[in-house]
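Contents: one structure, followed by commentary.
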Amino acid sequence: MAMLRPYQQIIGMGAAAVPLILEELRREPDQWFWALECITEENPVAPEDAGRVRAMAGAWIRWGLQRGLIAE
């Protein structure tokens with residue numbers, strides 16, 4: 001999935017895409033983690049949560065809230 005052209009185009013949007021991706025994760029947890037990590041060069045997901053989509057989404061949403069990228 002990460003190599004699909006539309007996914008790569010979203011990564012190509014850079015930081016502008018991050019709030020949109022975070023809102024999408026809040027609406028429906030899905031596989032946006034690779035894009036977020038590529039764009040932000042960060043990974044707030046705890047090692048024990050790797051592979052647990054809802055927990056991973058929660059970590060990224062908290063990360064976005066802490067940085068003011070999305071509102072509560």
Side-chain angles (χ1 to χ4, degrees):
M1 180 177 142
M3 298 313 293
L4 294 174
R5 185 176 181 92
Y7 195 91
Q8 290 296 311
Q9 288 173 320
I10 291 169
I11 291 172
M13 292 173 60
V18 173
L20 303 171
I21 295 171
L22 294 173
E23 288 296 347
E24 180 64 15
L25 279 180
R26 191 181 335 212
R27 189 182 69 76
E28 183 177 340
D30 205 351
Q31 298 295 329
W32 287 108
F33 312 114
W34 174 263
L36 287 167
E37 193 169 342
C38 284
I39 295 167
T40 66
E41 298 182 354
E42 294 193 43
N43 183 1
V45 178
E48 62 269 17
D49 287 335
R52 298 177 51 222
V53 174
R54 290 199 183 279
M56 293 171 72
W60 275 105
I61 291 165
R62 286 188 300 280
W63 177 92
L65 288 166
Q66 291 168 349
R67 283 155 182 77
L69 297 173
I70 54 174
E72 291 211 38

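This structure is a prediction, so every number in the text was calculated from the model and none was measured. Basis for what follows: all heavy atoms, side chains included, without hydrogens, waters or symmetry-related copies.
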*Quick one: CE on Met13 to CD1 on Ile10, what's the gap to the nearest 0.5 Å?*
7.0 Å
*Output the distance between atom CD1 (Ile61) and atom CD1 (Ile21), rounded to the nearest 0.5 Å.*
12.5 Å
*asked:* Return the CG to CE distance between Asp30 and Met56, rounded to the nearest 0.5 Å.
replied: 11.0 Å
*In the single-linkage hydrophobic clustering (I, L, V, M, F, W, Y; side-chain heavy atoms under 4.5 Å), do Trp34 and Val18 co-cluster?*
yes
*Spacing of Ile70 atom CD1 and Leu20 atom CG [to the nearest 0.5 Å]*: 11.0 Å
*Any chance you could measure Trp32, atom CH2, to Leu22, atom CG, to the nearest 0.5 Å?*
11.5 Å
*Locate the shortest heavy-atom distance separating Leu25 from Ala57; write the atom from each residue and the value.*
CD2-CB, 4.1 Å
_Residues that Glu23 engages under salt bridge (Lys or Arg N to Asp or Glu O under 4.0 Å), provided they are two or more places apart_ = Arg26
*Between Ile39 and Ala15, which heavy-atom pair has the shortest distance, and what is it?*
CG2-N, 3.7 Å
*asked:* I need the full list of side chain to side chain donor-acceptor pair (under 3.5 Å) pairs touching residues 54-63, with sequence neighbours left out, sorted by first then second residue.
replied: Glu42-Trp63
*How close do Leu36 and Thr40 get, heavy atom to heavy atom, and via which atoms?*
O-OG1, 2.7 Å
_For the CD atom on Glu41, are there more than 12 heavy atoms of other groups (residues, nucleotides or ligands in this structure) within a distance under 6.0 Å?_
no
*Listed once per pair and sorted, the side chain to side chain donor-acceptor pair (under 3.5 Å) pairs that draw on residues 13-22, sequence neighbours left out*: none
